Amino acid sequence: MVTFQLSPEQEALRNLAHEFSETEIKPIAPKHDETEEPAWEVIRKAHELGLMNVHVPPEYGGQGLGNLEGCLIEEELAWGCLGISGSISANNLALEPILLAGTDEQKRKFLPWFCAEPRLAAFALTEATGGSDVAAMYTRARRVGDEYVITGTKTFITNGGVADLYVVFATLDRSLAHKGICAFIVPGDTPGVRAGKKERKMGDRASHVGEVIFEEAVVPAANRLGAEGQGFKLAMQTLDRTRPGIGAAAVGVARRAMEEALAYARERHAFGRPIAEFQMIQAMLADMAMNIDAARLLVWRAAWLQDQGQPGTAEGAMAKCFASDVAMRVTTDAVQILGGNGYMRDYPVEKLMRDAKITQIYEGTNQIQRLVIARQLLKSRS
Ligand code: CAA
């Protein structure tokens with residue numbers, strides 16, 4: 001049965017996240033956009049309210065919520081500020097490989113850390129030589145007895161350098177391409193792990209993104225996630241599950257831009273009337289509303305499918321790709337509706353436009369999403 005109705009619990013969660021975003025995130029977003037400092041106090045409060053790490057099952061200290069619930073939260077938090085919501089939701093990305101492939105012992109050891117305290121985690125996959133071509137990574141892992149020694153540099157890592165735990169992807173042998181890749185749980189205080197350059201970004205500036213350097217960092221073999229050579233697939237399965245969340249965040253950014261444009265169009269007068277009365281403005285607003293709704297439906301479908309136990313590979317990619325393209329278009333149009341004011345820092349829409357851009361790039365560029373969708377189409381028999 002198809003239903004577009006959220007349950008009372010989901011509605012309550014969405015309202016909680018919205019209220020939090022309205023009162024705690026939105027007011028401080030411009031400051032963090034300016035300073036590029038993470039909003040530690042908001043992260044602490046989000047944790048206290050139960051808006052972080054929501055997918056961790058109760059037996060490991062979490063709430064065991066589904067992907068749909070995670071997406072409801074992400075839309076609302078990103079409505080307040082994409083960067084602040086990104087610091088919080090990067091934990092979902094980093095903990096997902098542990099949820100998917102961790103042993104009970106690994107889950108018992110590492111997941112309660114995050115449920116008990118407002119700690120940050122990071123997913124260390126991307127490297128400077130290419131974010132899209134994961135199989136070509138250079139970070140290497142060498143097995144020595146009951147341990148692995150990891151060496152390499154990961155780039156553009158959200159929470160990279162400030163995280164208490166990294167899920168790190170490294171190759172045992174580059175000549176094996178994707179079949180040589182392993183995933184490891186690496187605590188942030190492991191000797192040989194250090195923060196590299198902090199990035200200065202166009203948008204998404206309230207999230208800490210930086211390099212993480214591994215210099216002969218030693219982890220016990222017990223920290224390997226899954227079998228040797230399974231790391232690439234684990235990264236792909238993780239991204240399948242987190243891409244709807246990026247779509248949800250993009251919907252949040254787009255929705256906020258539409259609301260700002262609508263409010264401005266009602267107030268701003270030109271030629272003797274509010275500009276909202278002009279059909280060219282109305283057409284832009286109508287396109288915004290239509291596309292935002294379509295994007296949210298794709299996000300909900302992908303998250304729902306995954307909550308039913310399906311991989312949702314193509315659906316997750318569609319949700320991320322469509323929603324982020326919508327966010328870029330809607331925020332650009334919002335700047336246009338606000339005209340000269342829209343281009344100025346005194347109004348919030350230029351930030352939304354800068355923020356929207358990253359949603360077309362991270363967790364796989366939209367070119368990669370289209371490739372993923374096409375490969376799934378070509379694999380299917382219909
Ligand atoms: N689920 C399970 N298995 C999968 C899979 C999936 N979704 N996708 C691929 N595989 C399997 C394939 O079936 C294949 O298996 P076999 O060896 O058994 O045949 C294997 O993995 C290799 O697959 P491909 O041949 O498709 O691999 P490829 O090298 O051509 O790459 C790709 C595919 C889709 C381009 C992939 O590299 C990709 O997704 N790249 C983008 C990476 C990305 O999204 N990075 C974002 C980083 S995270 C980030 O941005 C976080 C942040 O800080 C905000």
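First listed ligand is number 1; within each ligand, the first listed atom is number 1. Being a predicted model, the structure only gives us computed values, none of them experimental.
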Exercise for review: Would you please say whether a donor-acceptor pair under 3.5 Å links the side chains of E127 and T153?
Suggested key: no

Point to revise | Main-chain N/O of D204 paired with R354 side-chain donor or acceptor, under 3.5 Å | key: no

Check your understanding: Could you give all pairs that pass the side chain to side chain donor-acceptor pair (under 3.5 Å) test and reach residues 51-63, with sequence neighbours left out?
Key -> N53-N91, Y60-D104

Review point. If hydrogens are left out, which of K179, M236, K154 has an atom nearest to atom 5 (C) of ligand 1, that is, the closest non-hydrogen atom?
Key: M236

Exercise for review: Using a strict cut-off of 4.0 Å, indicate which atoms of ligand 1 neighbour a heavy atom of F156.
Suggested key: 53 (O)

Exercise for review: For the pair T190 (side chain) and A217 (backbone), establish whether a donor and an acceptor sit closer than 3.5 Å, ignoring hydrogens and angles.
Suggested key: no

Check your understanding: Taking only heavy atoms of D240, which atoms of ligand 1 are found under 4.0 Å from at least one of them?
Key -> 1 (N), 6 (C), 7 (N)

Review point. Taking the side chain as C-beta and beyond, is there a heavy-atom pair between E69 and V54 under 4.5 Å?
Key: no

**Study point:** Closest to atom 52 (C) of ligand 1 among T158, T155, I157 (heavy-atom distance)
**Key:** T158

Review point. Does atom 7 (N) of ligand 1 have any protein heavy atom closer than 4.0 Å?
Key: yes

Check your understanding: Q237 heavy atoms, cut-off 4.0 Å: which ligand 1 atoms fall inside?
Key -> 1 (N), 2 (C)

Check your understanding: Backbone or side chain, does any N or O of G364 fall under 3.5 Å from an N or O of ligand 1?
Key -> yes

Check your understanding: Which residue owns the protein heavy atom closest to atom 23 (O) of ligand 1, what's the atom, and how far is it?
Key -> F232 CE2, 3.7 Å

Check your understanding: Which residue supplies the protein heavy atom nearest to atom 40 (N) of ligand 1, what is that atom called, and how far is it?
Key -> S132 O, 2.8 Å

Point to revise | Side-chain H-bond candidate by donor/acceptor type, E74 with S85, under 3.5 Å | key: no

Check your understanding: Any idea which atoms of ligand 1 are less than 4.0 Å away from a heavy-atom of L239?
Key -> 43 (C), 44 (O)

**Study point:** Nearest protein heavy atom with distance in Å, relative to atom 13 (O) of ligand 1
**Key:** K233 CE, 4.6 Å

Check your understanding: Strictly by modelled atom types, are E22 and W79 linked by a side-chain donor-acceptor pair under 3.5 Å?
Key -> no

**Study point:** Under 3.5 Å side-chain donor-acceptor pair for N366 and D325
**Key:** yes

Point to revise | Pair R205 + D33: basic N to acidic O under 4.0 Å | key: yes

Exercise for review: Specify the protein heavy atom at minimum distance from atom 50 (O) of ligand 1: its residue, its atom name, and the distance to 0.1 Å.
Suggested key: E363 N, 2.8 Å

Point to revise | atom 24 (P) of ligand 1: nearest protein contact (heavy atom, Å) | key: R375 NH1, 3.7 Å

Review point. Who gets closest to atom 44 (O) of ligand 1 by heavy atom: H178, K379, R243?
Key: R243

Check your understanding: Which ligand 1 atoms, with their elements, are less than 4.0 angstrom from a heavy-atom of Y362?
Key -> 50 (O), 54 (C)

Practice item. Would you check if the side chain of E215 reaches a backbone N or O of R194 as a donor-acceptor pair within less than 3.5 Å? Key: no

Exercise for review: State the atoms of ligand 1, each with its element, that fall below the 4.0 Å cut-off from a heavy-atom position in G131.
Suggested key: 42 (C), 45 (N)

Check your understanding: Does a donor on one side chain and an acceptor on the other come within less than 3.5 Å for Y166 and N159?
Key -> no

Review point. So, the side chain of Q308 versus the backbone of W304: is there a donor-acceptor pair under 3.5 Å, distance only?
Key: yes

**Study point:** Location of contacts on L93 toward ligand 1, heavy atoms closer than 4.0 Å
**Key:** side chain

Check your understanding: Applying a 4.0 Å heavy-atom criterion (strictly less than), which segment of V372 is in contact with ligand 1: side chain, backbone, both, or neither?
Key -> side chain

Point to revise | Sub-3.5 Å N/O-N/O distance, T126 and ligand 1 | key: no

**Study point:** Sub-4.0 Å protein heavy atom next to atom 32 (C) of ligand 1
**Key:** no

Review point. Does the protein put a heavy atom under 4.0 Å from atom 1 (N) of ligand 1?
Key: yes

Review point. Which ligand 1 atoms, with their elements, are less than 4.0 angstrom from a heavy-atom of T313?
Key: 7 (N)

Check your understanding: Distance from E117 atom CD to M52 atom CE, nearest 0.5 Å?
Key -> 11.5 Å

Study note, to complete from the structure: Counting from 1 in the order shown, the ligand 1 atoms closer than 4.0 Å to a non-hydrogen atom of V134 are 37 (O), 40 (N), 42 (C)

Check your understanding: Which residues satisfy the ring pair (Phe, Tyr, Trp, His ring centres under 6.0 Å) test with Y148, sequence neighbours excluded?
Key -> F184

